[in-house]
Each structure stands twice: as structure tokens, then as C-alpha cells.
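Report on the following structure.
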2 protein chains.
Amino acid sequence: MREASNRSNRRVVYETLRRKVLTLELPPGASLSENELAASLGVSRTPVRESLILLGEEGLVRVFPKVGSFVSRVDAARVADAQFLREAVELAAFDDIPETLDPDLLAELRANLEQQRAPGLDLEKFFELDESFHHGLLRLSGHGRAWSTVVAAKGHLDRARRLGLHETNGMGRFVDEHHTILDAVVAGDIPSARAGLRAHLRAVFDDIEKTRRRSPELFASDDGSVPVRRSVAVWE
Amino acid sequence: MREASNRSNRRVVYETLRRKVLTLELPPGASLSENELAASLGVSRTPVRESLILLGEEGLVRVFPKVGSFVSRVDAARVADAQFLREAVELAAFDDIPETLDPDLLAELRANLEQQRAPGLDLEKFFELDESFHHGLLRLSGHGRAWSTVVAAKGHLDRARRLGLHETNGMGRFVDEHHTILDAVVAGDIPSARAGLRAHLRAVFDDIEKTRRRSPELFASDDGSVPVRRSVAVWE
DNA sequence: GTGGCAGTTCTTGTATGTAAGCAGCGTCGA
DNA sequence: TCGACGCTGCTTACATACAAGAACTGCCAC
């Protein structure tokens, strides 16, 4: 028997909405009416509502009782929180990297880096590879399952990154850093690997900060205020 | 306007169920029928169902479609995951402790420690104080908001601790360690504080491991199997 | 023109009805 | 005695109806 079938309606709705929020297809502030979403997706309000509750717990959506649900704004404080958590977890994992690395996993990581170097790589594909690379690093240390927690917490960080990369287009440098880090790990030079990873994560964060200074309106602080209802109709 | 009114039925049901699961009042394997819970709590199935979904995402409950929902077993792997996450976050926070500590917060921590020394402290109260103490340490470093992520991830750890402390009754040592850690922080000796905290967290974990070796049945691995339906009726 | 008030229309929260499916038990047949 | 089969009762998943409340709209008085 399988648990909570991955093809339940709720799962599909949840994943769809989450993807659209993270990719900014549903931008911060967009209205998420249960009725409209249900109609759009061809399901009833129930699975939509359950998905919105879950996204609310993740901080990606804000639910105002009797008023409406809205995609949460990219909040600078939350971005920093996620950055801290991610750094803490990924660096701590390096302390537990075993002497001999799992060869299959290593091959997978190398293949991943190869793809990151592919010419004309599009942004979404890069993000996918980046996610998978960092997850792989965690798995090397035997803490792969901690990734899900990081993923759940870093929604705001991901959105901020997307805002940043749209402007700076600095994928190349990040790929180089990935190579440097993996090389250090393979060489057994954990201190270098730690330093490299820390610098890498900080660079990503600095990139976000740069964007924030340039376009503060994207990062409007997410207090309790309700967005005006007109800023709506982002759902096709 | 307040967000998601803290007094919504769902919030109450969720918090009630979560507390009962963490305190083992609802023991691992217990059946959680939506209908029974709704009747017991005097609400409809809707808020109960939404709460079970949230608890399912936290890993505290397993939902088997068309079969039933059950309190998840205390899974050794999940306990270890939470331990790793907690250690990573709490230790990383110490790197960001400022030169001058917030005096109000410091006073709060000292008062907390005083209460931990109170004679005849009961177990639940100790857990409360312990939680609050560790959260306070995080706040000292300005990363207080990361605590919620830790809390969400460490449900299994908490249940395992409760199983352990029922047997060993080793509160006293933990309180001493709390004092040592805070003293080191106040003295500005971050390396000592880190070492102390690490040892403290490891001691807690070792305690759990001892319990696990002694009573492995409590830690039955939580595979996909459905508990027998008879192991039920834990709800009064 | 402007402020206040009431109605309308939206929202989410909750309750309940319906559908689909698994498990267990009893029965029947060999 | 034991295995297969179908019925019964339970479960969750989903759909829908109803309730309560917030906010916008337009009218009306001034």
C-alpha cells in the first residue's frame, strides 16, 4: 500500500500552485480565490483550500479569514532566515562526510555539473540542477533527508533568487563555484570545501541583496496588511 | 486585521492534537478517525481533516487513503534527522552572537534557568522551560525566527525524549549544562559555549539511544504498513 | 462636493452529503 | 480443515451547501 497517493487531487493542486508561486508566475500579492482556483483547475474548493492551508504554513501564501488569500510578498527577513538555515545545515553536513564517498552518488554529481556547463542552459533548468546538486552534497554526508526541511523553509529565498537572476544573469560564476566545492570534497579537503560552500551561499545572498537595493518594491515588507483586491487576475 | 485568527476551530483542533501526540497522550500507532475526533471535539470533520493533513506534513501522523489515519511511530531515522538539524541551527547561531547581549533577553534566560532549578519541577514544565531556553539562545543571536522550523522538524525527537526521560529522570544534569552554556555566552567565550551546547545536545541524543536499545519496541521502524485497527480507542 | 449608511457581493470557515476503496468477517464449497 | 468469495462497515477524498463577516459601491442627506 502506498501512503497518501502522490496522484491525489490535492497533491496535484498543491504542487501546481507551489510551482507557480516559486517561479513568480503567480507574483507576490496575487489574489488566490478558492473559487476561482477551483474553477480553473477543474476541481472543487476542498483540495484547493487544503493546498492553500499548506502553502500558508510554508509562508508562501497568506490567508486572511473572510477576506481572501494572497501570494505572500518576498519578505527580506524571511529570506535572511532561510539563508541562515540553509547555510547552517549545508555546512554542518560537511562535518559528517565519510572518508570514502559513495561512487554512484559522486558520478551523479559529476554528471550534474556537466549539465550545468551545457551551452544555452535556460534559467529554470539551471535552478533544477542547482537544487539537485546541493541536495546531492547533503546526501554525500548521509543527511539527505534534511533537504526537505530546507526546501520547505527556503521558498522566500528561491523567489528572491529568481528576482535577482533575472537581472544579473550570473549563472556562470555559480557553476564554477560548484566545481570548486566538489573538487575539494573529492580531495578530502573539508575545510576548503566548507569555505567554498560558505562563499558560494553568501554570493547568492549578496546577489539577492543587490537586487533588493535596486528594486526595493519587489521586497515590500510583508506585514499584516491586505493587498488591494484589484491587484488580481493573475490567474489566467 | 489579524491573520488566520488564532482562535479558528482548525487552530484549536490542530494544537490540541499536536500536543496530545507530542506528549504521547496519543501514543504511536493510535487510530485517528476523522469522525471520532470530530465528535469528541464537538466540531465537524472539516477542521479535523485539515489538522490531520498538517500533522501529516510534519510527519507526526500518517494518512492512508481510504484506510485510516494513525499517529506515526517514533522513527529512529527521523529522530536522527531532527537531531542533526537542531544541532546545525543552534551551533551556527552561536557564530552570530553579538558583542553586547540584549539585557532584557538575558534577564529572561536567567529567570528561566532559575525556574529550572525549582524543586519538584514536573516533567512537562521542564520541557516547556527547556524549549523556551533554547529558543532564547537563538534569539540572542538574532535568529529567533529559525526556531519555528526546528520545532516543526523535531516532533519525533521530542517524543523520543519523552520516552527517554520517563525512564532515566536525568533532568538535573541537563539543567547544569544549561547554566554552563549561558555562562560561557555571557563571558563572551563562544568556543566554550559551542562545545557546551554540542555536548548538551549529544547527551540528550545519547539518552534517547539508550532508551532505544532498552525498549526497541517503542521505536518500531515506521514503514508503510498499516497498524492493526484494534490498537485504537486511545481517544477518551 | 462630501460624508455616512446600507445593501450587495465577494471572501473564507464550517458542516454535511456523496463516492470510492480497503479490510475484516462470515459463509460456503471442496 | 482450509481456502475463496462476497457482504458489511468502516475509512478517507472530494463536492457542495450554508453561515458569518469584511469590503466595496452607490445612494442619499447635507
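Letters A, B, ... are given to chains in the order of the sequence lines, protein chains preceding strands, and every chain is numbered from 1. Predicted model only: the values in this text are computed from it and were never measured.
Distance CG (B:Leu32) to C1' (D:dT12): 13 Å, rounded to an integer number of Å. Rounded to whole Å, atom P of D:dG21 lies 6 Å from atom NZ of A:Lys66. Per the geometry, CG belonging to B:Leu52 stands 12 Å off P belonging to D:dT11, to the nearest Å. If you take CZ of A:Phe70 and P of C:dT11, they are 9 Å apart, rounded to a whole angstrom. Whole-Å rounding puts the B:Glu34 CD to C:dA15 C1' distance at 13 Å. One interatomic measurement links the two molecules: CG of B:Leu37 to P of D:dC10, which rounds to 16 Å at whole-angstrom precision. Remark: P of C:dA23 and CZ of B:Phe64 are 10 Å apart, rounded to the nearest angstrom.
The closest donor-acceptor contact from the side chain of B:Ser51 to the backbone of B:Tyr14 lies under 3.5 Å.
For B:Thr46, the listed nucleotide lying nearest its side chain is C:dA15; candidates were D:dT16, D:dA13, C:dA15. Residue A:Asn35 places its side chain closer to C:dT11 than to any other of D:dA22, C:dT11, C:dT16. Comparing C:dT11, D:dC14, D:dA13 against the side chain of A:Glu36 picks out C:dT11 as the nearest. Minimum atom distance to the side chain of B:Arg45 is reached by C:dG17, of the listed C:dG17, D:dC18, D:dT12.
A donor-acceptor contact under 3.5 Å is not formed by the side chain of B:Arg11 with the base of C:dG13. Taking only distance into account, the side chain of A:Ser8 never meets the base of D:dA13 through a donor-acceptor pair shorter than 3.5 Å.
At least one side-chain nitrogen or oxygen of B:Asn9 sits closer than 4.0 Å to the OP1 or OP2 atom of C:dT14. At the phosphate of C:dA15, OP1 or OP2 sits under 4.0 Å from a side-chain N or O atom of B:Ser44. For A:Arg49 and C:dT12, the shortest distance from a side-chain N or O to OP1 or OP2 is not below 4.0 Å. One finds a side-chain N or O of B:Ser69 lying less than 4.0 angstrom from the OP1 or OP2 phosphate oxygen of D:dT12. Put simply, B:Ser33 has a side-chain N or O that comes within less than 4.0 Å of OP1 or OP2 on D:dT11.
Ion pairing between B:Lys154 and B:Glu131 holds under the 4.0 Å rule for side-chain N and carboxylate O.
Note on ring orientation: taking the six-membered ring where Trp is involved, the planes of A:His200 and A:Phe174 are perpendicular (angle over 60°, cut-offs 30° and 60°).
Note that CG of B:Asp158 is 7.5 Å distant from CZ of B:Arg86, once rounded to the nearest 0.5 Å.
Remark: the B:Gln116 side chain and the B:Asn112 side chain contain an N/O donor-acceptor pair separated by less than 3.5 Å.
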